[in-house]
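On a predicted model such as this, the values are computed, not experimentally measured, just so you know.
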Amino acid sequence: MLSPCSLLCRLATLLCVWALCQAQLDTKLPPGTPIIQLRLAGDKHKHYEGRVEVNYNGEWGTVCDDDFSIHAANVVCRELGYVEAVSWSPSSKYGKGEGRIWLDNVHCSGLERTLAQCESNGFGVSDCKHSEDVGVVCSQRRIPGFKFISTLTDNVEQPLVRLRGGANIGEGRVEVLKNGEWGTVCDDSWNLKAATVVCRELGFGSAKEALAGGKLGQGMGPVHMNEVKCSGFEKSLTECYFNRDALGCSHEEDAAVRCNVPAMGFQNRLRLSGGRNPFEGRVEVLAEKNGSLVWGTVCSDSWGTIEATVVCRQLGLGFANNAFQETWYWPGDVSADDVVMSGVRCSGTEMTLAQCLHHGKHLDCPRGGGRFAAGVSCSETAPDLVLNAQVVEHTTYLEDRPMYILQCANEEHCLSSSAAAATSSSYRRLLRFSSQIHNNGLTDFRPRAAHHSWIWHECHRHYHSMEVFTHYDLLSLNGTKVAEGHKASFCLEDTQCEEGIEKRYECANFGQQGITVGCWDTYRHDIDCQWIDVTDVVPGDYIFQVVINPNFEVAESDYTNNVMKCRCRYDGHRIWMYNCYIGERPELTGYNIIECDGHSSCSKPFCLWMTTFRRGLNSQKINA
């Protein structure tokens with residue numbers, strides 16, 4: 001017969017289980033509670049133990065062991081359907097995780113229904129490393145009637161595909177999006193069948209070439225796919241067999257494609273005239289004038305690298321090398337001297353110059369055409385600068401620096417406007433960081449200005465080869481600028497290179513400046529102006545932004561990866577930098593399936609071509 005004590009213990013256990021069942025039935029959470037999902041991963045031996053991983057905003061990450069407790073472990077285990085936690089383990093007992101560390105300094109009472117309700121620094125705010133990933137061991141007893149409810153959509157881990165670094169439409173390095181991060185494809189086993197799957201997935205025709213060995217530039221970040229094998233009939237590259245283990249693959253082995261693209265006749269409405277070779281000359285456009293089609297020039301007011309890029313792409317000549325606002329040295333056809341296009345402003349994504357904003361029939365060009373007409377020079381290759389976001393995230397700190405040793409920086413406008421009234425004994429608070437800028441393109445990055453025209457700065461006693469090489473900005477969450485800085489390229493050089501590549505550019509003895517392909521230039525955190533002056537910034541959450549080559553002074557194969565953004569939290573004493581990413585947010589990129597001119601659905605790039613092609617058939621006029 002059971003003792004009264006045993007009966008009470010069993011009754012207490014049954015009541016606990018009943019309470020857990022009721023909690024499972026009541027699935028509603030308070031408004032504003034973040035939606036997360038948990039799993040146990042890593043080097044585990046049983047299904048009820050492992051590294052705690054959290055899926056938040058469609059991305060898996062880990063939890064830091066700082067302040068973690070058995071109460072937090074109980075919340076984790078119950079959320080996964082176990083009655084309770086047996087123990088928890090710090091210091092990555094179940095192996096180091098990957099990706100972001102979503103939670104740090106987690107404090108739970110043990111009564112929360114989800115880990116998202118526990119107090120913490122906030123999602124993504126952490127100073128931990130993956131060597132501090134926490135793990136738990138749950139009781140083998142399951143909550144009776146527990147039903148797993150997935151909060152994730154089916155396509156969380158479904159990669160998207162894009163092309164980057166290509167000189168022409170329908171070509172580029174293959175990149176796939178997985179778990180919120182863009183990565184490349186290793187060229188092991190890469191062939192025409194796999195390339196054809198990529199081309200068709202993006203709305204092009206079959207593949208013309210399958211390129212290996214980083215022929216169209218090297219990417220950044222992880223290598224997501226290796227040893228890809230396709231039959232050629234798959235709808236997506238992700239349906240092909242591939243090896244997730246990219247061990248031994250480097251970005252020197254990035255795969256690329258060239259797709260077959262329908263001939264749209266874009267080249268028939270534009271030409272280069274007077275150049276020494278087919279890749280340069282004065283830009284001439286076929287336009288309607290007095291009821292007939294005539295060739296004419298483009299006004300050079302506001303003409304720049306972005307506009308030149310569109311011209312080179314339309315003609316199939318690759319990338320823009322230079323944009324010219326005077327072309328007297330390229331005597332074209334005298335009958336084509338008149339301006340037929342003015343006020344041209346391009347975003348860089350257009351396929352034809354006619355798609356850019358311009359004045360239409362209302363021409364306005366005070367200088368006229370002829371010797372002042374717009375010109376370009378094109379190149380089949382170009383540099384491609386990419387900032388290493390991880391270096392920025394890991395080297396950020398605050399420094400209070402006395403004004404009396406910031407005079408040179410103040411002369412070069414590296415401090416906020418309030419510094420003009422500051423006394424020499426006052427201090428400026430500086431957000432400092434290092435930046436490491438890689439050239440992943442196929443051509444060396446060189447300053448646009450020749451050596452003889454570089455600007456000498458007496459205070460720091462060095463030359464500026466580019467007056468503004470990078471912009472540093474601190475933005476509010478709605479995008480308003482609250483603090484800014486800039487970095488002139490007083491020294492563009494090869495700080496370090498990949499194995500087997502020799503340094504070409506050194507600033508010593510006022511040498512030539514540039515960044516060799518496969519090398520990177522590092523601006524250390526302790527260099528003058530390598531900061532943002534945040535003296536006047538109030539505590540809060542911000543966006544930290546770095547833009548390389550912001551004025552497009554030098555042509556590149558890809559400008560979309562010139563921007564880096566991070567989330568930033570400042571409490572008045574310390575600063576956290578987290579969630580750094582290059583280019584656009586993953587959810588805003590990729591090619592979505594859309595309605596194509598009222599017809600069946602197709603990919604966005606192909607729809608743009610079809611729309612343009614139909615307009616060309618219906619009208620010979622250049623649209624205003």
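Between the S379 side chain and the T381 main chain, a donor and an acceptor come within less than 3.5 Å of each other. Of the possible polar contacts, one joining the E307 side chain to the G304 backbone as a donor-acceptor pair under 3.5 Å is found. A distance-only check finds a donor-acceptor pair linking the side chain of R173 to the backbone of G217 [under 3.5 Å]. In terms of modelled atom types and a separation under 3.5 Å, the side chain of N410 and the main chain of C414 share no donor-acceptor contact. For the pair E350 (side chain) and S347 (backbone), a donor-acceptor distance under 3.5 Å is present. Put simply, the side chain of Q355 gets close to the backbone of M351: a donor and an acceptor are under 3.5 Å apart. Under the 3.5 Å distance criterion, the side-chain polar atoms of Q314 are left unmatched by any main-chain donor or acceptor of V311. Side-chain N or O atoms of D558 include one that pairs as donor or acceptor with a backbone N or O of T560 at under 3.5 Å. Between the side chain of N478 and the backbone N or O of T480, at least one donor-acceptor pair lies under 3.5 Å. The backbone N or O of R162 sits nowhere less than 3.5 Å from a side-chain atom of W182 that would complete a donor-acceptor pair.
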Step-by-step side chain to side chain donor-acceptor pair (under 3.5 Å) determination, S342 to H359: CA-CA 6 Å; S342 66; H359 292 154; 2.8 Å; yes
Evaluation steps, side chain to side chain contact (heavy atoms under 4.5 Å, CB included), between I515 and Y505: CA-CA 7 Å; I515 306 176; Y505 305 104; 5.7 Å; no
Side chain to side chain donor-acceptor pair (under 3.5 Å) between S236 and E201, worked out: CA-CA 6 Å; S236 170; E201 184 175 356; 3.1 Å; yes
Verdict with reasoning, F544 to F433, per ring-ring contact (aromatic ring centres under 6.0 Å, His included): CA-CA 11 Å; F544 174 66; F433 55 93; 5.0 Å; yes
Side chain to side chain contact (heavy atoms under 4.5 Å, CB included) between Y542 and L475, intermediate numbers included: CA-CA 6 Å; Y542 297 97; L475 313 173; over 6 Å; no
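N277 places a side-chain heavy atom less than 4.5 Å from the side chain of E280. Side-chain contact between V554 and F445 is present, with at least one heavy-atom pair separated by less than 4.5 Å.
When all heavy atoms of A195 and V257 are compared, the pair lying nearest together is CB-CG1, 3.4 Å. Taking both residues in full, the closest heavy atoms of Q530 and S435 are given as NE2-OG, 3.3 Å, listed atom of the first, atom of the second, then distance.
Taking a 6.0 Å sphere around CZ of R446, one finds it holds more than 12 heavy atoms contributed by other residues, nucleotides or ligands. Summarising the local packing, CD of E326 is surrounded by more than 12 heavy atoms from other residues, nucleotides or ligands at distances under 6.0 Å. Around the CD atom of E209, the shell of radius 6.0 Å holds more than 12 heavy atoms that belong to other residues, nucleotides or ligands. Atom CZ of R345 is surrounded by 12 or fewer heavy atoms from other residues, nucleotides or ligands within 6.0 Å.
Listed by chain and number, the residues in a disulfide bond (SG atoms under 2.5 Å apart) with C568 amount to none (sequence neighbours excluded). The ring-ring contact (aromatic ring centres under 6.0 Å, His included) check on Y559 picks up F552, with sequence neighbours excluded.
Atoms NZ and CG, from K481 and L474 in turn, are 11.0 Å apart once rounded to the nearest 0.5 Å. Interatomic distance, CZ of F319 versus CG of D384, reported as 8.5 Å (0.5 Å rounding). With rounding to the nearest 0.5 angstrom, the CG atom of L431 is 13.0 Å from the NE2 atom of H525. Interatomic distance, N440 CG to E498 CD, rounded to the nearest 0.5 Å: 7.5 Å. Expressed to the nearest 0.5 Å, how far SG of C346 lies from CH2 of W303 amounts to 6.5 Å.
Q436 and H438 share a donor-acceptor pair across their side chains, judged by distance under 3.5 Å alone. If you check the side chains of T327 and Y329, you find no donor sitting under 3.5 Å from an acceptor. Residues T396 and R432 have side chains that never bring a donor and an acceptor to within less than 3.5 angstrom of each other.
Taking 4.0 Å as the cut-off between side-chain N and carboxylate O, R164 and E175 do not count as a salt-bridged pair. Under 4.0 Å is where a charged nitrogen must lie from a carboxylate oxygen, and between D337 and R282 at least one such pair does. Using a 4.0 Å cut-off between charged nitrogen and carboxylate oxygen, D338 and K289 count as a salt-bridge pair.
Screening D494, N439, L492 for a side-chain contact (heavy atoms from CB on, under 4.5 Å) with D521, the sole residue that qualifies is L492.
Annotation: W330 is in aromatic contact with F324 [ring centroid separation under 6.0 Å].
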